[in-house]
Amino acid sequence: MAYWNEEIECMDREKMRELQSERLVKKVKDVYDNVPYYRDLMDKKGVKPEDIKGVDDLHKLPFLSKADLREAYPYGLLARPLSDCVRIHSTSGTTGKRVVAFYTQNDIDMWEDCCARAITAAGGTKDDVCQVCYGYGLFTGGSGLNGGSHKVGCLTLPMSSGNTSRQIQFMRDLNATILCCTPSYAAYIGETLHDMGYTPDDIQLKAGIFGAEPWTEEMRRSIEKSLGIKAYDIYGLTETSGPGVAFECCEQHGMHINEDNFIPEIIDPDTGEVLPEGTKGELVFTSITKEAFPLLRYRTRDICVLTREKCACGRTLIRMAKPMGRSDDMLIIRGVNVFPSQIETVLIEQGYTPNYMIEVDRVNNSDTLDINVEVPEGASEIDTPHREKQLASAIKTILGISPKVHLVPTKSITRSEGKAVRVIDRRKLHD
Ligand code: DLL
């Protein structure tokens with residue numbers, strides 16, 4: 001078994017807790033002394049740095065939300081002088097102010113180290129050729145995996161996203177063995193490979209490191225088949241530095257959180273109460289090593305579950321399940337909570353592709369749910385009405401509400417080169 005940092009990744013749990021406590025105490029004092037915004041939040045909650053003696057006291061700290069980041073934009077949460085910062089990245093959000101995250105050189109090193117752990121866990125070594133097709137620029141995907149790939153010593157192809165046939169040409173000519181991109185772009189690359197008349201035997205890829213958006217187990221299997229690889233999940237967000245907060249190992253059974261840098265908690269999104277291990281709720285992170293842009297109890301809005309169950313890979317790092325969506329991406333349709341991933345699971349189980357578009361509207365005060373689904377290539381169109389009904393009924397079994405399913409021609413739904421957009425909620429447009 002290969003680890004990037006065995007001492008940390010397989011550390012005894014008691015020892016890890018001690019390390020976290022020591023770092024947390026220092027970090028809380030640091031932000032209280034250096035960031036007026038945090039000092040105010042802590043004062044309002046009546047908590048002083050001396051009250052935080054270790055991880056057990058974490059729950060005493062106030063939460064930080066996306067609204068706080070917007071309010072503090074751009075410099076309000078900065079904990080180091082700007083002259084000590086060497087980089088910024090920013091969220092891809094299209095509404096409101098973007099979130100801007102700052103990095104010192106140590107922050108970049110820590111982040112790239114986390115990505116190196118992920119690449120190593122996916123089987124990457126200095127003998128690999130790593131094709132990075134996440135976007136470069138303000139988005140963290142490209143730079144993060146690029147940096148991790150360098151650390152591991154892979155030959156790195158900084159492709160960024162787009163121009164898919166060129167991606168495949170480079171992949172073939174330069175014998176890429178590891179692919180890093182969003183799962184929806186990986187699916188598109190697989191489809192294009194097929195359209196260009198190639199099979200997985202015509203490429204050398206062995207692993208893919210896919211993240212930045214929710215994807216299902218069914219989608220994993222479909223990508224693995226189309227590219228002939230093992231597909232690994234990777235998680236992170238701009239606020240915490242980017243990809244690499246958590247990564248999957250060969251067991252493909254949850255993502256190990258880099259706990260020496262990020263302490264996770266699961267809370268009830270409505271009450272803020274900390275929930276016991278194994279319970280589904282909102283993921284909260286406290287960064288204990290970041291210098292320029294530290295986060296205390298940052299509410300991610302991602303819904304997931306944590307487990308400390310022993311992993312066969314030997315890592316002791318706590319694992320997070322695949323996030324099943326964001327609390328703010330959850331649709332409430334006719335009073336029922338709906339996550340797009342639930343629909344995707346049914347579609348792929350029934351032999352369809354992950355190319356679909358969910359449209360929600362409100363007509364005569366009642367919500368409507370329409371799902372456009374591509375006919376799989378080569379399928380006949382003769383029994384379309386029957387198949388639409390069958391699919392609608394399978395989805396109703398899972399969601400409890402009836403959608404209208406429309407089968408649309410193969411390749412008619414726009415493919416994504418970055419994060420896929422699979423929901424149009426027209427109800428919001430009417431507000
Ligand atoms: O998406 C960072 C990233 C880049 C992660 C490349 C992985 C790979 P943001 O644009 O700030 O950062 O978006 C963060 O994306 O809160 C989740 O809702 C979602 N997300 C990220 N990774 C996953 C994943 C990057 N593996 C937001 N599964 C997060 C599900 C994910 N959702």
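When a ligand or atom number is given, it counts from 1 through the structure's own listing order. Just so it is clear, the values below take in all heavy atoms, side chains as well, and ignore hydrogens, waters and symmetry mates. Heads up: numbering here begins at 1 and tracks the sequence.
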Any idea which atoms of ligand 1 are less than 4.0 Å away from a heavy-atom of [X]?
X	value
Y134	6 (C), 8 (C)
T238	9 (P), 10 (O), 11 (O), 12 (O)
T140	2 (C)
D233	24 (C), 26 (N)

Using distance alone, decide if ligand 1 has a nitrogen or oxygen within less than 3.5 Å of any nitrogen or oxygen in [X].
X	answer
W215	no
K419	yes
F139	no

note = Looking at G244, G236, S341, the heavy atom closest to atom 2 (C) of ligand 1 belongs to G236

query = Who's closest to atom 19 (C) of ligand 1 heavy-atom-wise, of A212, A246, P323?
reply = A212

message = I'd like to know whether ligand 1 has E213 as a neighbour, heavy-atom separation below 4.0 Å.
response = yes

ask   = Does ligand 1 have any atom that is closer than 4.0 Å to a heavy atom of R301?
value = no

Pairing donors with acceptors under 3.5 angstrom, does anything connect the side chains of [X] and [Y]?
X	Y	answer
N261	T289	yes
T353	N355	yes
Y3	E9	no

query = Is any side-chain heavy atom of I209 less than 4.5 Å from a side-chain heavy atom of F247?
reply = no

H89: which of F102, W111, F293, Y136 passes ring-ring contact (aromatic ring centres under 6.0 Å, His included) = W111

inquiry  = Looking at K322 and E248, is any side-chain nitrogen of the basic one under 4.0 Å from a carboxylate oxygen of the acidic one?
reply    = no

task = Heavy atoms only: give me the nearest Y38-L295 pair and the separation to one decimal.
result = OH-CA, 3.2 Å

query = At a non-hydrogen distance cut-off of under 4.0 Å, which region of L237 contacts ligand 1 (side chain, backbone, both, or neither)?
reply = both

task = For V305 and I266, run side-chain contact (heavy atoms from CB on, under 4.5 Å): C-alpha distance rounded to whole Å, both residues' side-chain angles, the deciding distance at 0.1 Å, then the answer.
result = CA-CA 7 Å; V305 180; I266 292 282; 5.9 Å; no

